[in-house]
Amino acid sequence: MSGGAQERGPLVMIAGGGDYPVQLARILAGRGERPFIAALDGAADPEAFGGDADIRRYRLGQLGSLLDELRQRQIVDIVMLGALPRPSFGALRPEMSTLKYLPHFAKAFQGGDDHLLRGVVSFFEQQGFRVHGPAQIAPELTAPSGPVGRRQPSATQRELLEHGFSLLKALSPFDVGQAAILADHRVVAIEAAEGTDAMIQRVADLVAGGRLKIGKGDGVLVKLPKTGQDLRVDMPAIGPDTLRNIAAAGLAGIGLRAGEVLVGDRAALGRLADQLGLFVEGVA
């Protein structure tokens, strides 16, 4: 919601890796906001935000210092964005001010990624903070309803997309990946722990090895959140590399759940899709 700046106070962005945190900072700057950026060590690149950014680097074990800083600044609104490899609990190296919070995170680590992320959200909420999703802060970062670029899927491709959406919805209770590839009226691959781009590469290797044939204009990628996924901290995303990878694999395009998958700069992504001869479709 573009009016989010009026419905909250000063914002801290807990930033991981990738370009999405930088893009969000630019959007906020365009609205006249200057968020405090807590750059997670080993993930975010502080220099990517520019010299004017209000930014400080934190290790995961410095949670106590971060909370002290936020309270000193009277910041209660948080958005978390960017890639962060799942850390091991033993590698946190907590400072003294963080030790008292460890029992909470010990429980959060006893489960999959969804369980851990829910634990992170509940921790900040218990500490009196409000956690916002990136789509709430900047909906323009997400897939719109309809095409991104000039190409649109054919009727047959739309059927494949809908079949893929139904498949992923049915798999949601099993906490598997957020994407699948379909071709020739069948499921070719389902994302597991390797991630979307590695799944696409797996299909590309099968095609290159002659073990799988995908007709021109046939194969599609679908991506959407799992049922009940907390989009405040775990929103699916694609980027330019995703488009390049599916083009290299011989796929025709991507179907995304509109408003629930990050795409970043829509105009730039649409131009790249046109250059590669792909469709990118946001499905409401």
Taking the side chain as every heavy atom from C-beta outward, state whether F49 and P21 have any pair of such atoms under 4.5 Å apart.
yes
Rounding to 0.5 Å, atoms CG (L160) and CG (D218) come to a distance of 6.0 Å
In terms of side-chain geometry, is the basic nitrogen of R59 or D41 positioned less than 4.0 Å from the acidic oxygen of its partner?
no
Inspect the contact between R244 and D241 and indicate whether a charged nitrogen and a carboxylate oxygen are less than 4.0 angstrom apart.
yes
Any side-chain heavy atom of E162 within less than 4.5 Å of one from V283?
yes
Salt bridge check, D265 against R26: does any charged N sit closer than 4.0 Å to a carboxylate O?
no
State the CD1-CD1 distance between I37 and I14, to the nearest 0.5 angstrom.
12.0 Å
Interatomic distance, I254 atom CD1 to Q157 atom CD [nearest 0.5 angstrom]:
12.5 Å
Do any N or O atoms from the side chain of S145 and from the backbone of A258 form a donor-acceptor pair under 3.5 angstrom?
no
pair V233-V120: side-chain heavy atoms closer than 4.5 Å:
no
Does a side-chain heavy-atom distance below 4.5 Å link T227 with K169?
yes
Using 0.5 Å steps for rounding, measure from the NE2 atom of H163 to the CG atom of L161.
11.5 Å
Drop me the distance from M13's CE to E33's CD, to the nearest 0.5 angstrom.
10.0 Å
Residues passing the side-chain hydrogen bond (donor to acceptor under 3.5 Å, both in side chains) test with S65, sequence neighbours excluded, are E95
Beyond-backbone contact of F174 with K226, side-chain heavy atoms, under 4.5 angstrom
no
Shortest non-hydrogen contact between M199 and I190, atoms and distance:
SD-C, 3.6 Å
A quick test of your reading: do over 12 heavy atoms of other residues, nucleotides or ligands sit less than 6.0 Å from CD of Q72?
no
Under a 4.5 Å cut-off applied to non-hydrogen side-chain atoms, are T242 and D197 in contact?
yes
Please round to the nearest 0.5 Å and tell me the distance separating atom CZ of R31 and atom CG of L28.
5.5 Å
